[in-house]
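First the proteins, then the strands, lettered A, B, ... as listed; each starts at 1.
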There are 2 protein chains.
Amino acid sequence: MGRWEPGGSDRLREAALELFLERGYEQTTAAEIAQSVGLTERTFYRHFPDKKEVLFGGSVEFRATMVDSVLGVPEGLAPLEVVARALASATEFFPDERREWSRKRWQVLSVNPGLMERELLKMADVAAGIGARLRERGVPEPAATLAAESGMTVFRVAFDVWLQPGERRSMAEIEGEMFAALGAVVGV
Amino acid sequence: MGRWEPGGSDRLREAALELFLERGYEQTTAAEIAQSVGLTERTFYRHFPDKKEVLFGGSVEFRATMVDSVLGVPEGLAPLEVVARALASATEFFPDERREWSRKRWQVLSVNPGLMERELLKMADVAAGIGARLRERGVPEPAATLAAESGMTVFRVAFDVWLQPGERRSMAEIEGEMFAALGAVVGV
DNA sequence: CGGGTGATGACAGATCCTGACATCAGGCGT
DNA sequence: ACGCCTGATGTCAGGATCTGTCATCACCCG
């Protein structure tokens, strides 16, 4: 495949994270990342549409999994319950082995507003996709959007807990707890 | 004050929105916006930290109003109720006169992912501020964050409705409806 | 009327990102 | 084994974003 070593995208992703952790995101140029794996800046931008995106590998698959899993949920459930089951079926993206890597990535994201912007857009995109699926299932507005957005809120809060130092519980477990907490907070 | 005409920031904001509507955001350079009001690109960047920000005037005041209004809510209420009242007290930012302008602005934002990113970050920032205030009031986690985020979800959905063509109801009215809908969706 | 203050202009430069064209490695058919 | 084709990469040029630095100008104040 490649001119030299294969897996250009993955090597760029790994190198980028390491460099961002060392010098910070802004202080690392796309050219430096590329050079550190023997490629050029131009090739970097062939693998990623922009510099931020090098930190968002797998987000397409995550979105697809989340959105598609809505289809597999049995009929007749309440909208939020549908979203909860979709979320639970995407926990494959958060195995224990990945927790340390996720913490490093979050360490970079959390101190850079530009990167947080991108993260929020990805989340919003997932929520929009889920909302659309719910509407296809016959859920009317605004219930569909509210359920989808609430589900992503639960996901975000759960993810944050999952990353806490010393936290051992799985995403599935934490998510279940957060859905309960949401019920208590909104509680009619 | 200014070298020539006063109100540089406001003139830049107005000119920017008009140009964005005409040619699109990407197709309009900061230099063109500045030139259209008799200023230079360098001065544009003295008024706004980046090109996107020219579309986010007032967001600081909005955030402050939202976050501070949490203080004015009587004690003893449920967290989500606190957020609902804070939201209701910030409806001054959405008078009927502003609806047309907001539609134009949204027309630009909605077709540009980079601008949506910024909008989402501003929302998240407001939610974070409200969450912090709730924690100061003694609301524990994760209830504080969940209530704050749910409140902003309601706001976003309500705002979207408020912008719909032909919509006549006020933000306060729509927000009330959306809080009820959220209760029904999460409904225990 | 002279000095101070704040906004602006002018200029250079780093970085991000894109388009266009050349080049190279490996697969594939003959 | 040979030559072609395809895809990834390299090279170069250039526009746009954003920043640092210093000069300039308008206005206010004493």
Side-chain angles (χ1 to χ4, degrees), chain A residues 1-57 108-109 111-119 121, chain B residues 1-57 59 108-109 111-119 121-122:
Chain A
M1 288 292 191
R3 196 115 134 201
W4 288 290
E5 304 296 321
S9 292
D10 288 337
R11 285 185 298 134
L12 284 168
R13 272 188 268 264
E14 290 174 28
L17 183 55
E18 291 308 317
L19 289 173
F20 292 162
L21 285 168
E22 286 172 22
R23 322 180 200 171
Y25 176 80
E26 308 266 19
Q27 286 68 44
T28 308
T29 69
E32 288 170 340
I33 299 167
Q35 194 177 11
S36 78
V37 296
L39 295 173
T40 64
E41 183 189 24
R42 190 67 186 85
T43 299
F44 178 96
Y45 285 106
R46 287 211 181 85
H47 285 283
F48 308 102
D50 62 44
K51 188 183 163 190
K52 294 176 188 174
E53 209 64 21
V54 76
L55 283 168
F56 291 84
V108 175
L109 289 206
V111 297
N112 189 289
L115 293 171
M116 288 303 298
E117 285 184 346
R118 180 61 51 85
E119 178 85 346
L121 184 68
Chain B
M1 289 287 197
R3 196 116 130 197
W4 288 291
E5 303 296 321
S9 292
D10 287 338
R11 283 185 297 134
L12 284 168
R13 272 189 268 266
E14 288 174 29
L17 182 56
E18 290 309 316
L19 289 173
F20 293 161
L21 284 169
E22 285 173 23
R23 323 181 197 170
Y25 176 80
E26 309 265 20
Q27 286 68 44
T28 307
T29 69
E32 288 169 340
I33 299 167
Q35 195 177 13
S36 77
V37 296
L39 295 172
T40 64
E41 184 190 23
R42 191 65 187 88
T43 298
F44 178 96
Y45 284 106
R46 288 211 180 83
H47 285 283
F48 309 102
D50 62 44
K51 187 182 164 190
K52 294 175 187 175
E53 209 62 21
V54 75
L55 283 169
F56 291 85
S59 65
V108 175
L109 289 206
V111 298
N112 188 289
L115 293 172
M116 287 304 296
E117 285 185 344
R118 180 60 51 87
E119 178 85 346
L121 184 67
K122 299 281 187 187

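A donor-acceptor distance shorter than 3.5 angstrom exists from the side chain of B:R11 to the backbone of B:V37, with no hydrogens or angles considered. In this structure a side-chain-to-backbone donor-acceptor pair under 3.5 Å is present from A:Y25 to A:K52.
When each of C:dC16, C:dC11, C:dG19 is scored by its nearest atom to the side-chain atoms of A:R42, the top-ranked nucleotide is C:dG19. Closest to the side chain of B:H47, out of C:dT8, D:dT17, C:dC16, is C:dT8.
In this structure, the CD atom of B:E53 is 12 Å from the P atom of D:dT19, given to the nearest Å. For the pair B:R46 CZ and D:dC25 C1', the computed distance is 13 Å after rounding to whole Å. Look at CZ on B:R23: it is 14 Å from C1' on D:dA16, rounded to the nearest Å. The distance from atom CG of A:D50 to atom P of C:dT18 is 8 Å, rounded to the nearest whole Å. Distance, B:L39 CG to D:dA26 C1': 14 Å, rounded to whole Å. Straight-line distance from the CD atom of A:E41 to the C1' atom of C:dG19: 14 Å, rounded to whole Å. Taking atom OH on A:Y45 and atom C1' on D:dA16, their separation rounds to 13 Å, with Å as the unit. Look at CD on B:E26: it is 13 Å from C1' on C:dC16, rounded to the nearest Å.
Between B:E53 and B:K122 a salt bridge is recorded (basic side-chain N to carboxylate O distance below 4.0 Å).
The side chain of A:T43 contributes an N or O atom lying less than 4.0 Å from OP1 or OP2 of D:dG10. A:T40 has no side-chain polar atom (N or O) that falls below the 4.0 Å cut-off from OP1 or OP2 of D:dT9.
Other residues, nucleotides and ligands contribute at most 12 non-hydrogen atoms within 6.0 Å of the CD atom of A:Q35.
Across all strands, A:T28 comes closer than 4.0 Å only to sugar-phosphate atoms, never to a base (heavy-atom distances).
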